[in-house]
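Naming: A, B, ... by sequence-line order, numbering from 1 per chain.
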Amino acid sequence: MEVRLHNTLGREIQVFNPINKSEVGLYCCGPTVYNYAHIGNLRTYVFEDLLRRSLEYAGYSVNHVMNVTDVGHLTGDEDDGEDKMEKSARETGKTPEEVAAFYTEAFFTDIDRLNIVRPKTACVATKHIGEMIALIKKLEERGFTYTSGGNVYFDASKFERYGEMALLDRQKLRNGARIEIDTNKKNPRDFVLWFTKSKFENHIMQWDSPWGKGYPGWHIECSAMSIKYLGDQFDIHCGGIDHIPVHHTNEIAQSEAASGKKWVNYWVHGEFLLMDKQKMAKSAGNFLTLQTLIDKGYEALDYRFFCLGGHYRSQLVFNFDSLDAARNARLSLNQRVSELKSEAEPVAAGNLTGRALEIMDKFSKDILNDLNAPKALASMWALLKDQDIAASEKLGAVLEMDRVLGLQLDKVESDSPELTKEEMALINQREAARASKDWAKADEARDKLLSMGIIVKDTANGSQWKKRL
RNA sequence: GGCGCCGUACCCAAGUGGUAAGGGAGAGGUCUGCAAAACCUCGAUGCAGCGGUUCGAAUCCGCUCGGCGCCUCCA
């Protein structure tokens, strides 16, 4: 099946053609583990998971690599010049290593709860300092660097296509609009590859290098690690839209300057989650974590479902009314799947026929056309609500869809639970009360069953029951 | 100041030239002892506003209004 993706290089939807027909190289920018991920960050990982699952759905094997940044970089707008990792460490009384370990674990807990498939390789920055130094040396040998004020800089003027993806040439950049200008730079677009002159005192995390003891610049780790695990040319690199102008621009410059080749063929970027019409950001203090949602009684998958309701390239407005809508919709979805499971065995995806096959094909076409999850979900509802499709076909199709959607429909229990003796006794008591028209007693039994998680419904064929999902 | 983008029903949200997907909430109905669930029906003659192009525009162009992001912390 053909996959189409919006490529930031060229700003258009393109047919995806991998370098290697069987395996796709996919690099996703990962977390900086100095704090919890917020749900805006997690939206991007849900999008990347949708991308990975879609590629696998289309028949590709995906070599998925993600970095874990445990080297701190500069803090926020009210920058006091401190390293994020070390700031967090100081505030919590831990070492940077302990901080990294704690938030790395928290991050993977979150993505597991969201049913995001873990990357095949999660590479840690501090374990790849050697590769970073080697890459900087290569850039130095090829004449793309200079040293100033003790730091090694990338000379952007030496790389002709600098800023091409971000369309920087069309912009009249306002230098230092938001940050302090580094007077060591020859050109505002230059960036640090290796620091030896720390702006901050007593920097804990430092390594020996040919340029002196110090630590790497922000961008070099992604280039060094992606090249190590995926080669100096690979298929897809993704991340948040905010990375286009700086981080990814600089990554492209240093990677292509080092190899002399085009580095990445497709750049795919996810849009922001908005909170009260503003971007959700740690620095703005308006962020929510997944755990906060769970503490409020939502499930992680409710948030995943919410994310799938919007297209990854559109800003998505978060509020609790919308999250409630997602939760209710998912509850209804699970109920339907549960009922289908009690009625029939799923038809294998390859054996779908008729209307179910038609809907399945539309679903595939939409999801593989730049990951249009909202359209795909509409197909899913069309399938489930169709009166003429057999339960076995519906179940087979919806489970196939869930390979991409990742809503754990395979784990939904069949809607014919075994009851305990006590529960069964209550059912029988209620039936007896109903037979003698003792409605108060019957309702009491129903309420008690409900409190035990059993929903009773009366049909023409007698009472039926199901577990509350 | 420059650049990128958005404005679709009560809410969220698809739709980039052919006559408005889907979800949630809501209303009415069937069924029921009552519920619940399920199912049926209803819901924008309209896509921020005003012009223009076109046989035809939410979709293209212009202007106006409103909003978001970026311009080296950022998903």
Side-chain angles (χ1 to χ4, degrees), chain A residues 11 28-32 34 37-48 72-79 84 166-182 185 188-192 218-219 238-247 249-250 269-274 277-284 305-306 308-311 313-330 332-333 335-336 339 366 372-382 385 387 434 437-440 442-443 446-447 450 455-460 464 466:
Chain A
R11 316 265 164 146
C28 299
C29 279
T32 300
Y34 71 102
H38 59 64
I39 59 174
N41 300 130
L42 293 172
R43 182 192 180 194
T44 297
Y45 298 104
V46 170
F47 137 63
E48 289 164 351
H73 300 292
L74 298 185
T75 47
D77 280 343
E78 292 76 47
D79 194 356
K84 282 183 200 166
L167 309 177
L168 293 186
D169 286 348
R170 285 159 55 173
Q171 303 184 24
K172 289 177 183 162
L173 298 184
R174 188 182 271 187
N175 295 325
R178 297 174 68 192
I179 53 107
E180 195 183 326
I181 293 169
D182 181 345
K185 290 182 183 180
R189 291 178 178 181
D190 298 345
F191 54 93
V192 176
W218 175 34
H219 315 290
C238 46
I241 194 168
D242 53 315
H243 280 149
I244 295 170
V246 179
H247 185 49
T249 289
N250 291 345
H269 292 99
E271 253 289 1
F272 278 126
L273 182 75
L274 303 186
K277 300 211 164 180
Q278 274 191 335
K279 148 175 112 149
M280 180 175 289
K282 288 170 188 169
S283 56
F305 191 93
F306 166 80
L308 295 175
H311 192 268
R313 280 194 292 113
S314 295
Q315 293 178 341
L316 181 62
V317 178
F318 180 87
N319 59 57
F320 283 98
D321 286 344
S322 300
L323 190 60
D324 285 342
R327 173 169 61 182
N328 290 341
R330 197 173 75 84
S332 163
L333 168 63
Q335 290 282 10
R336 286 166 190 273
E339 281 164 25
D366 288 333
N372 198 322
K375 272 192 173 182
L377 284 178
S379 289
M380 184 195 75
W381 291 115
K385 293 191 171 183
Q387 300 289 298
R434 288 187 74 219
K437 298 194 190 293
D438 186 348
W439 309 127
D443 289 350
R446 185 169 62 198
D447 289 345
L450 184 63
I455 295 169
V456 183
K457 56 181 177 178
D458 300 325
T459 72
Q464 293 183 357
K466 61 166 70 175

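For the C1' atoms, the distance from B:C65 to B:G26 is 32 Å, rounded to whole Å. Across B:A13 and B:U8, the matching P atoms stand 8 Å from one another, rounded to whole Å. Nucleotides B:A58 and B:A9, compared at atom P, are 14 Å apart to the nearest Å. For the C1' atoms, the distance from B:C61 to B:A75 is 35 Å, rounded to whole Å. Across the C1' atoms, B:C34 and B:C6 are found 50 Å apart, a figure rounded to whole Å. B:G2 and B:U64: their P atoms are spaced 13 Å apart (whole Å). B:U53 and B:U16 are spaced 24 Å apart, taking the P atom of each and rounding to whole Å. Annotation: B:G23 and B:G29 have their C1' atoms spaced 22 Å apart (nearest Å).
Residue A:Asn328 places no side-chain N or O under 4.0 Å from the OP1 or OP2 atom of B:G23. Put simply, A:Lys385 has no side-chain N or O that comes within less than 4.0 Å of OP1 or OP2 on B:G22. Side-chain nitrogen and oxygen atoms of A:Arg336 include at least one within less than 4.0 Å of the OP1 or OP2 phosphate oxygen of B:C39.
Across all strands, A:Glu48 comes closer than 4.0 Å to no nucleic acid atom at all (heavy-atom distances). Note on A:Asp190: a base of the nucleic acid sits closer than 4.0 angstrom, heavy atoms only. Nucleic acid contact for A:Phe191: none, since no nucleic acid atom lies under 4.0 Å from a heavy atom of the residue. Contact annotation for A:His243: backbone-only contact, meaning every heavy-atom pair under 4.0 Å involves sugar-phosphate atoms and none involves a base.
Straight-line distance from the CG atom of A:Leu167 to the C1' atom of B:G4: 8 Å, rounded to whole Å. For A:Gln335 and B:C39, the CD to P distance is 11 Å, given to the nearest whole Å. If you take CH2 of A:Trp381 and P of B:G22, they are 12 Å apart, rounded to a whole angstrom. Protein atom CE of A:Met380 is 9 Å distant from nucleotide atom P of B:G23, rounded to whole Å. Whole-Å rounding puts the A:Leu274 CG to B:C5 P distance at 17 Å. With rounding to whole Å, A:Phe272 atom CZ is found 11 Å from B:C68 atom C1'. In this structure, CG of A:Leu333 is placed 10 Å from P of B:G24, rounded to the nearest angstrom.
Ring pair A:Phe305/A:Trp381 is perpendicular by interplanar angle, where above 60° counts as perpendicular and below 30° as parallel.
The two residues A:Ser322 and A:Phe306 have their closest heavy-atom pair at CB-CE1, 3.5 Å. Nearest heavy atoms, A:Glu271 versus A:Ile241: OE2-CD1, 3.4 Å.
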Protein-nucleotides 29-33 of chain B N/O pairs under 3.5 Å:
| residue | atom | partner | partner atom | Å |
| --- | --- | --- | --- | --- |
| B:G33 | O6 | A:Arg430 | NH2 | 3.3 |
| B:G33 | N1 | A:Asp443 | OD1 | 3.0 |
| B:G33 | N2 | A:Asp443 | OD2 | 3.0 |

- Query: Checking side-chain contact (heavy atoms from CB on, under 4.5 Å) for the pair A:Arg336/A:Lys385: CA distance, chi angles, key distance, verdict?
  - Reply: CA-CA 9 Å; A:Arg336 286 166 190 273; A:Lys385 293 191 171 183; 3.6 Å; yes

- A:Leu316/A:Leu274 under side-chain contact (heavy atoms from CB on, under 4.5 Å): CA gap, chis, key distance, verdict: CA-CA 6 Å; A:Leu316 181 62; A:Leu274 303 186; over 6 Å; no

- Message: Using the rule given for side-chain contact (heavy atoms from CB on, under 4.5 Å), can you reason through A:Met380 versus A:Leu377, listing the C-alpha separation, both sets of side-chain angles and the distance that settles it, and then say yes or no?
- Response: CA-CA 5 Å; A:Met380 184 195 75; A:Leu377 284 178; 4.1 Å; yes

- Note on the structure: Protein-proximity profile, nucleotides 6-15 of chain B, B/S/- by nucleotide at the 4.0 Å heavy-atom cutoff, equals ------SSSS

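The main-chain N or O of A:Ala325 is never found under 3.5 Å from a side-chain atom of A:Asn328 such that the two would form a donor-acceptor pair.
Residue whose closest nucleotide on RNA chain B sits further toward the 5' end, between A:His247 and A:Arg11: A:Arg11. Toward the 5' end of RNA chain B, the nearer of the two residues A:Thr44 and A:Ala326, judged by each one's closest nucleotide, is A:Ala326.
Base pairing in RNA chain B gives the following stems of 3 or more Watson-Crick or G-U pairs, range against range and under 3.5 Å: B:1-7 with B:65-71, B:10-12 with B:22-24, B:26-30 with B:38-42, B:48-52 with B:60-64.
The OG1 atom of A:Thr44 lies 7.0 Å from the CG atom of A:Asn41; values are rounded to the nearest 0.5 Å. The CZ atom of A:Arg330 lies 11.5 Å from the CD atom of A:Gln335; values are rounded to the nearest 0.5 Å.
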